[in-house]
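Bear in mind the structure is a predicted one, so any value in this text is a computation, not a measurement.
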Amino acid sequence: RSIDLDGAEAEPICFFWKGVALRNLLSADGSGSGLSEAIAAFEHFLLISPSEGRKVCEAWWSCAELEMFRSSAEGSLQTQESKDRMVDRVCTLIEHAQRAEGQMLPVLKELEDKYPPSDAKSMMLRFRDQLGKKANKKVAHPYFEQLRLACNETFRRGEYEKAISGYSKLLDVVENSSEPELRQHIHVLLSNRSCAHEKQQNYTAAEADARGAISAQPSWLKGHMRLARALIGNRQAVKAKEALKQAHAQLSEADSATLRG
């Protein structure tokens, strides 16, 4: 039976089981329709679910397995470079699965250890072992852009609590990454989360995130504007005025730099 969860107020676990159902409709080598949709369902589940849950680990293992299937199905493994990209992507997903296992609640971990590993986990562990040290290569988060866009869309729908949760997960990814292309998003994510807090009238949290954005990127105008709005919300007019002065100074400095250029 086909279940359309788009736009529905569905529980996170519904997206997990949707991914499982679609995965089970595929053949043993992952061929068949629904492959991309299965990955998308698991991705959405990972975005909106608590990071310490048991099913989170299973979702990461399934994403790794399905990503390998997708690369093969799309015929994108014709060159060594394309094979290396697939390996890097799958190894990163394996890394996230193992990190999720480390964050699992003790009671769930104890339950997990009583059962044999899932087929996806077993396959991916064999894949990793065959690669040896290649599997330890650090690469950027494979789904960062999809998750970021999903958070922004959640915000636009007015689902601010979900947006805050999503931005927090993305910040956990970028703050624990050594990849410059990920870390450059820190100030934007903090600013976006500040705005979501402001929408909920949680001005103290909005102020903290705005200050974090400024600390990460002092020359970014929007961070100072976010801080001013949060301070106004907390009825701290004098401090808000100072924040606006800082924003004006940053803007003037940027204009001067443009003229000098």
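- Summarising the geometry of L125 relative to Q98, their closest heavy-atom pair is CD2-NE2, 4.2 Å, with the distance given to 0.1 Å.
- E161 meets the side-chain hydrogen bond (donor to acceptor under 3.5 Å, both in side chains) test with Q200; sequence neighbours excluded.
- Applying the side-chain contact (heavy atoms from CB on, under 4.5 Å) rule to A240 yields the partners L231, I232; only residues at least two apart in sequence or on another chain are considered.
- Looking at residues two or more places apart in sequence or on another chain, you find a side-chain contact (heavy atoms from CB on, under 4.5 Å) between S165 and K169.
- Of all the heavy atoms in A59 and F45, the pair that sits closest is CB-CD2, 3.7 Å.
- A38 is linked by a side-chain contact (heavy atoms from CB on, under 4.5 Å) to L22, L66, counting only residues two or more places apart in sequence or in another chain.
- Distance check: E43 CD to S62 OG gives 12.5 Å after rounding to the nearest 0.5 Å.
- The list of salt bridge (Lys or Arg N to Asp or Glu O under 4.0 Å) pairs with a residue in residues 201-213, not counting sequence neighbours, reads R193-D209, E207-R211.
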Worked verdict on T154 versus R157 for side chain to side chain contact (heavy atoms under 4.5 Å, CB included)
CA-CA 5 Å; T154 299; R157 291 199 302 266; 3.6 Å; yes
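- Here the side chains of W60 and R99 are not in contact, with every heavy-atom distance at 4.5 Å or above.
- Distance check: S219 OG to H224 NE2 gives 7.5 Å after rounding to the nearest 0.5 Å.
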Run E242 and K239 through side chain to side chain contact (heavy atoms under 4.5 Å, CB included) and show every step you take.
CA-CA 5 Å; E242 183 60 32; K239 291 184 178 180; 5.5 Å; no
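- For the salt bridge (Lys or Arg N to Asp or Glu O under 4.0 Å) test, residues two or more places apart in sequence or in another chain that qualify with K55 are E58.
- Closest approach of I186 and L171 over heavy atoms only: O-CD2, 3.9 Å.
- Applying the salt bridge (Lys or Arg N to Asp or Glu O under 4.0 Å) test to every pair with at least one member in residues 225-235, sequence neighbours left out, gives these pairs: E198-R229.
- In this structure, L170 and C151 approach most closely via the heavy-atom pair CD1-SG, 3.8 Å.
- Summarising the hydrophobic clusters (Ile, Leu, Val, Met, Phe, Trp, Tyr; side-chain heavy atoms under 4.5 Å, direct or chained), the residues clustered with Y203 are none.
- Atom-to-atom distance recorded for Y167:OH and L47:CG is 10.0 Å, nearest 0.5 angstrom.
- If you chain together hydrophobic residues whose side chains sit under 4.5 Å apart, L46 and I164 never meet in one group.
- No continuous path of hydrophobic side-chain contacts links M225 to L227 [ILVMFWY only; heavy atoms under 4.5 Å].
- You'll find the side chain of L190 stays beyond 4.5 Å of the side chain of S194, heavy atoms only.
- Within a 6.0 Å sphere centred on CG of N152, heavy atoms belonging to other residues, nucleotides or ligands number more than 12.
- Atom SG of C63 sits about 11.5 Å away from atom CE of M124, to the nearest 0.5 Å.
- Expressed to the nearest 0.5 Å, how far CG of N192 lies from CZ of R148 amounts to 8.0 Å.
- Contact detail for L26 and G34: the closest heavy-atom pair is CD2-C, 4.4 Å.
- The residues E67 and R70 are annotated as salt-bridged, a charged nitrogen and a carboxylate oxygen being separated by less than 4.0 angstrom.
- Checked against ring-ring contact (aromatic ring centres under 6.0 Å, His included), F42 has the following partners two or more places apart in sequence or in another chain: F16.
- Identified under the ring pair (Phe, Tyr, Trp, His ring centres under 6.0 Å) test for residues 171-195, with sequence neighbours left out: F144-H185, H187-W220.
- In this structure, I48 and F15 have side chains that are in contact, with non-hydrogen atoms separated by less than 4.5 Å.
- The side-chain contact (heavy atoms from CB on, under 4.5 Å) test applied to A205 returns H197, N202, not counting sequence neighbours.
- The line from SG of C14 to NZ of K18 is 10.5 Å long, rounded to the nearest 0.5 Å.
- In this structure E175 satisfies the side-chain hydrogen bond (donor to acceptor under 3.5 Å, both in side chains) test with no other residue, sequence neighbours excluded.
- L93 and V56 fall within a single hydrophobic cluster, where Ile, Leu, Val, Met, Phe, Trp and Tyr side chains are chained together by heavy-atom contacts under 4.5 Å.
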